[in-house]
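Contents: one structure, followed by commentary.
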Amino acid sequence: MPSFALHTYGCQMNVRDSDLIARRLRAIGLAQAETEDEADVVIVNSCSVRAKAEDKALGKLGLLCATKRERPGRVIGLTGCMAARLGPDIFTLLPHLSFSVGPRAQSQIPAFVTRCLETGAERLAEFGVLDAPPETPEEARADLARTAGTQRGKAADHADGEQTVTVAAGPAQSFVTILYGCEHRCSYCIVPSVRGEEQSRCPADILTEVRAEAARGVRDVCLLGQSVMRYGQARFQWPDAIPSPGRYTEPLPRLLEYIAREVPEVARLRFTSGHPSGVTPELVRAMATIPAVCPHLHLPMQSGSDRILREMRRGYDSATYLDAVRRLREAIPDIAITTDIIVGYPGETEADFEATRRVMEEADFDNAFVFKYSPRPGTPSSLLPDDVSDEEKCRRDAVLLVDQDARGLRRNQAWIGRTVEVLCEGPSLRNRARWSGRSPQNKIVIFEPTDAARPGQLLSVRVTDARAQTLYGEIVTA
Ligand code: SAH
Ligand code: SF4
Ligand code: F3S
């Protein structure tokens, strides 16, 4: 039986796509290889969001293609956002690549793998129509559970970090895409051109996937969309047949209520990424009142300078952003709010940067992912001079991280002495004797396991210590 390995870069959406690809490959009789070295088929699921993310994937593919000298029959495939961005040009860069498939055409992968294995074919490519859903209708409805824990997405590896897609002991958390594509067209962003038009999945298909996840033991489901609060806004009609006891009229609150009601085994529901324009009174009410919806929101701010926000075409200013944060905190006092920031956008002055520092302090973020601006071909901002030096971008990045560490530590210290509900994930990556899990706020909690502790279990843990990114505690026995 031929074996496969997947190597995933990028955001949670890619982690979820890799999981689906693994499921498709198992369905055609391939086995997941123990190690990448022994795999007959290796697929790199790539990200284009910054040049560095592409460089990593290209470097990895170069090494993999070189192994074909000794193993000419080995199949090396590319998928994900970089496949869509580079199109057929990838075969000039990597002549021995077997196939390349865009994110909206991933259902083609099994057919390509089969052809490559059977005929030794190379250079198969399908970039897909950017308004088609990546799943076939049959796949969308298929009640097939994903096999245990190919997903091990870590929010900390967000965007251009390398996600290690390993087999986890128990799948505590997983991702389910509800909105494909993006139509925001922020000036710096490649995503709309590689992921295409927005398309909302129908609630019944989402429910099928969430149910399948629950059946394999997943307790924490994060619903994904690049701009998730636009779920149901374009080319979509919420089915009248699905009632809303909470009298929600907006699609995302309705969906949250529907999933919470229909799949009670999923103890925790999240959604990402947010946008201040989507923080409507209804959504805040849904977050505050539906018990399964977690007190946690990733709300990318990008900049605190109104001028830069305008240039970025983000559609809000710092006051609007802070107002959304204030309304969330008023309704959900324990909420954790995390963000993304870009430093060194073209023309970002010291004053713009200081504005970002101030607004970050005012927003009082629990965590922030800071990215150095990277011009992406074809985006509006790529026409502007990339005039903040790399050295200065690094300095601004470091300053924001120091600020955020102090803020994160202060916010986490406020949890000391409190008992939190922890969804147990298993042995911690750093110290196998201790276990890690997550609080409803999505904070990592490290604790000493008892013999009875199992991944996927909900435990009460009293917080005894805190670092900027982590809480430490002990299990409270009833
Ligand atoms: N859809 C999400 C973001 C997806 S990309 C949202 O809008 O919230 C993840 C993050 O990468 C973005 O929030 C942004 O901070 C960063 N990013 C996107 N394009 C970038 C670029 N050209 N250079 C540097 N960072 C970028
Ligand atoms: Fe990119 Fe903006 Fe869409 Fe996010 S909302 S994916 S930053 S265009
Ligand atoms: Fe990267 Fe594509 Fe996600 S560009 S951040 S993998 S949507």
Side-chain angles (χ1 to χ4, degrees), residues 7-18 44-54 56-57 78-86 102-104 106 130 134 153 155 157-163 175 177 179-198 224-231 233 271-279 297-303 308-309 311-316 321 338-346 348 356 368-384 386 388 390 393 396-397 400:
H7 204 83
T8 308
Y9 298 93
C11 62
Q12 293 100 324
M13 208 168 268
N14 262 15
V15 175
R16 182 263 180 186
D17 286 349
S18 285
V44 172
N45 194 3
S46 63
C47 170
S48 275
V49 80
R50 282 170 290 280
K52 205 172 89 188
E54 287 199 350
K56 280 191 199 166
L78 168 66
T79 184
C81 296
M82 190 176 77
R85 192 182 80 75
L86 293 178
R104 300 287 278 247
Q106 282 166 0
L130 285 178
D157 287 347
H158 198 66
D160 71 349
E162 186 174 327
Q163 309 267 7
F175 306 114
T177 300
L179 177 68
Y180 305 116
C182 185
E183 290 176 17
H184 257 294
R185 305 211 165 266
C186 305
S187 64
Y188 50 82
C189 186
I190 195 78
V191 173
S193 67
V194 290
R195 290 261 171 188
E197 278 188 353
E198 276 176 8
L224 301 179
Q226 292 302 333
S227 198
V228 75
M229 291 163 176
R230 285 173 56 89
Y231 174 74
Q233 307 278 312
F271 47 95
T272 200
S273 290
H275 185 277
S277 65
V279 183
L297 187 62
H298 186 64
L299 196 63
M301 181 171 91
Q302 314 299 1
S303 171
I308 296 287
L309 285 170
E311 298 248 322
M312 286 177 164
R313 307 185 188 167
R314 286 292 291 176
Y316 55 84
Y321 184 92
T338 56
T339 202
D340 290 344
I341 302 286
I342 297 176
V343 289
Y345 185 83
E348 186 188 66
T356 298
F369 301 92
V370 182
F371 304 106
K372 288 181 277 175
Y373 171 72
S374 166
R376 308 309 296 130
T379 59
S381 74
S382 70
L383 302 174
L384 304 169
D386 181 14
V388 180
D390 196 49
K393 284 178 189 165
R396 291 180 188 178
D397 178 23
L400 294 190

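Atom set for the values below is all heavy atoms of this structure, side chains included, hydrogens, waters and symmetry mates excluded. Order of listing sets the numbers, starting from 1, for every ligand and every atom in it.
Distance check for C182 against atom 2 (Fe) of ligand 2: none of its N/O/S atoms falls below 2.8 Å. Contact annotation: C81 places an N, O or S atom under 2.8 Å from atom 2 (Fe) of ligand 3.
In terms of N/O distances under 3.5 Å, ligand 1 is approached by Q302. At under 3.5 Å, a nitrogen or oxygen of D340, whether backbone or side chain, sits near a nitrogen or oxygen of ligand 1.
Of all atoms in ligand 2, numbered sequentially from 1 with element shown, those under 4.0 Å from a heavy atom of Q226 are 6 (S). Residue Y373 has at least one heavy-atom neighbour below 4.0 Å for each of these atoms of ligand 1: 23 (N), 24 (C). Counting the atoms of ligand 3 from 1 in the order shown, those under 4.0 Å from a heavy atom of N14 are 6 (S). Here is the list of ligand 1 atoms found below 4.0 Å of a heavy atom in R314: 7 (O). Listed by number with element, the atoms of ligand 2 under 4.0 angstrom from any heavy atom of R185 are 8 (S). Short contacts between ligand 2 and C189, defined as distances under 4.0 Å to a heavy atom of the residue, involve ligand atoms 1 (Fe), 6 (S), 7 (S), 8 (S). Residue R50 has at least one heavy-atom neighbour below 4.0 Å for each of these atoms of ligand 1: 11 (O), 16 (C), 17 (N), 23 (N), 24 (C), 25 (N), 26 (C).
The part of P300 lying near ligand 1 is the side chain, judged by heavy-atom distances below 4.0 Å. Residue-level proximity to ligand 2 for P192 is carried by the side chain, the only part with a heavy atom below 4.0 angstrom. For R314, every heavy-atom contact with ligand 2 shorter than 4.0 Å involves the side chain, none the backbone.
Between Y321 and Y316, the angle of the ring planes lies from 30° to 60°, which puts this pair in the tilted group.
Residue contact annotation: I342 has a non-hydrogen atom under 4.0 Å from ligand 1.
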